[in-house]
Amino acid sequence: MLTSLRLVNFKNFADETLKLGPFTVIVGANASGKSNIRDAFRFLHWIGRGYTLAEVMGGKVGVGGQLEWERIRGAPNEIVRFRQDRLPDVDAFAVHVGLRLDNEKAVYSAKVGFNPDDPDGFRWLSDGVSVDGRPVAGAMNLASQRRSISESPRPYLTPNPGDESPQDDVRLHLRSNLESMRFLEFSPAQMREPSIPGADTLGDHGQNLPTVLESICADADRKQTLLSWFEELTPMDVQGFEFPRDPSGRVHLRIVERNGRKVSAYSASDGTLRFLGILAALLNEDAGGMYFFEEIDSGIHPNRLWLLLDLIEKQTAKGNIQVITTTHNPALLAWMNDSTFEHTSVVYRDQYWADSVIRPIADLYNLRELRKSYGLEGFLTEGWLEDAMKASEGDYDTDHLEDDDEDDWGMEEEE
Ligand SMILES: Nc1ncnc2c1ncn2[C@@H]1O[C@H](COP(=O)(O)OP(=O)(O)OP(=O)(O)O)[C@@H](O)[C@H]1O
Ligand SMILES: [Mg+2]
């Protein structure tokens with residue numbers, strides 16, 4: 001399981017750490033930096049998949065001219081934190097991700113800087129792994145190599161085939177955790193489309209929903225779980241699903257209600273499709289690893305939100321799935337269980353500086369005690385979390401964050 005994400009000079013974060021749990025909730029106002037956190041995970045994901053830095057930062061066109069991977073949001077010079085008068089010039093960013101292995105904690109660190117030879121390009125400065133604070137793999141120091149992007153050396157995490165030692169477990173673990181991350185941002189319009197038989201991986205926008213649900217329904221137990229959650233989450237009295245084929249062989253989705261009424265994906269409501277998307281992602285046979293859902297509550301009625309939380313808490317408690325979600329809705333706090341509460345952070349942008357900070361809500365303003373004594377419902381008005389944050393600024397306790405006896409970047413100093 002991933003345990004932490006630390007961002008140094010990445011977008012609007014100077015040096016902030018997000019604590020991760022089985023189910024992590026990131027709450028914050030518009031433009032506070034929630035999606036910037038997702039971008040950092042996307043960066044790690046594509047590095048883990050073995051893409052070059054130029055592909056990760058600039059996007060990749062696959063076979064047939066189709067966009068295989070969209071570049072990290074923003075122009076290249078917007079990925080490194082903006083320079084500001086009060087700061088020395090910053091021309092590099094670092095991302096550190098913590099992973100719990102059996103009894104140890106591994107951290108993968110990547111530091112990337114502008115390429116002096118290419119105004120739109122980046123180059124590796126260093127990357128490496130430490131276990132329980134000790135570097136295990138000589139943090140690669142590429143700063144002096146000054147290679148151009150096209151010959152950019154491969155990071156430690158994904159060396160050329162043949163360059164890795166087979167017993168290098170930590171690296172393999174880290175890589176498989178980053179590789180398997182999924183980023184889901186549902187688009188009901190794309191979920192309504194029929195799918196091609198055999199396409200049973202849910203797309204990032206929810207594509208292939210019919211075939212993924214069909215494969216879940218092929219297993220009686222998983223079908224039962226799907227149906228019972230679906231019935232709870234929507235006001236529909238559902239009996240099952242049908243997956244008719246059209247003349248060209250594509251698979252469609254139809255929801256069958258107990259009164260015999262059939263609702264096609266084309267006419268199902270947006271919220272219904274979003275629920276189905278979440279269920280398809282979490283109940284799928286191959287479900288495992290980290291799922292990042294942008295705005296999980298989007299389009300979901302407030303009185304169903306607690307069920308959605310319950311679903312994710314139960315699925316993540318089983319241990320092989322980890323979920324991270326962003327939300328604008330502090331009302332979610334009212335229903336979350338203790339573990340989710342401990343892994344909920346607020347992202348807050350200072351009014352005067354563009355930078356944002358990330359704070360576990362449990363550390364704010366005695367929130368943990370308040371929650372036990374009174375419940376949080378009465379507090380969850382608009383802007384309340386941000387006010388609580390301002391009030392507790394200054395006496396914020398950073399003990400839970402990663403040990404910090406490294407330099408400011410969390411890595412060995414470069415020569
Ligand atoms: N390199 C950078 N340096 C400083 N700030 C940046 C940088 N790049 C982006 N930002 C800031 O990050 C903000 C966008 O953050 P993000 O998209 O993560 O917000 P969000 O919390 O997801 O908002 P929403 O809820 O509206 O989706 C921009 O308004 C911009 O000010
Ligand atoms: Mg966003």
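Numbers here are sequence positions counted from 1. Here the structure is a predicted model, which is why all the values come from computation and not from measurement. Read the numbers this way: they start at 1 and go in the same order the structure lists the ligands and their atoms. Computation of the quantities below employed the complete heavy-atom set of this structure, encompassing side-chain atoms and omitting hydrogens, waters and symmetry-equivalent molecules.
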Less than 6.0 angstrom from the centroid, inside 45 degrees of the normal: does Arg368 satisfy that with respect to the ring of Phe341?
no
Return a yes/no value for Gly28: is any of its N or O atoms, backbone included, closer than 3.5 angstrom to an N or O of ligand 1?
no
Side chains of Thr327 and Asp297: do they bring a donor and an acceptor to under 3.5 Å?
yes
Just which atoms of ligand 1 are under 4.0 Å from any heavy atom in Arg73?
16 (P), 17 (O), 18 (O)
Proximal atoms of ligand 1 relative to Gly33 (non-hydrogen, under 4.0 Å)
15 (O), 16 (P), 18 (O), 19 (O), 20 (P), 21 (O)
Heavy-atom proximity to atom 10 (N) of ligand 1, best of Asn36, Val347, Thr326, Ile79:
Asn36
Side chains of Asp200 and Thr211, donor plus acceptor under 3.5 Å:
no
Which ligand 1 atoms does His328 reach within 4.0 Å, using its non-hydrogen atoms?
24 (P), 25 (O)
Kindly compute the distance separating NZ (Lys19) from CD1 (Ile358), expressed to the nearest 0.5 Å.
13.0 Å
Residue pair Asn337 / Thr340, side-chain donor-acceptor N/O under 3.5 Å
yes
Parallel, tilted or perpendicular: which fits the ring planes of Phe41 and Phe292, with parallel below 30° and perpendicular above 60°?
tilted
Atoms of ligand 1 less than 4.0 Å from Glu78 heavy atoms?
1 (N), 2 (C), 7 (C), 8 (N)
For the Mg ion (ligand 2), decide whether Ser35 has an N, O or S atom at a distance under 2.8 Å.
yes
Judged by non-hydrogen atoms, does Ser356 sit under 4.0 Å from ligand 1?
no
How about Phe241 and Phe230: are their ring centroids closer than 6.0 Å?
yes
State, without any angle test, whether His96 and Ser109 hold a side-chain donor-acceptor pair at a distance under 3.5 Å.
yes
Give the atom numbers and elements of ligand 1 that come within less than 4.0 Å of a heavy atom of Val80.
1 (N), 2 (C)
Test item, Arg349 contacting ligand 1 (heavy atom, 4.0 angstrom)
yes
Can you list the atoms of ligand 1 that are under 4.0 Å from a heavy atom of Glu295?
27 (O)
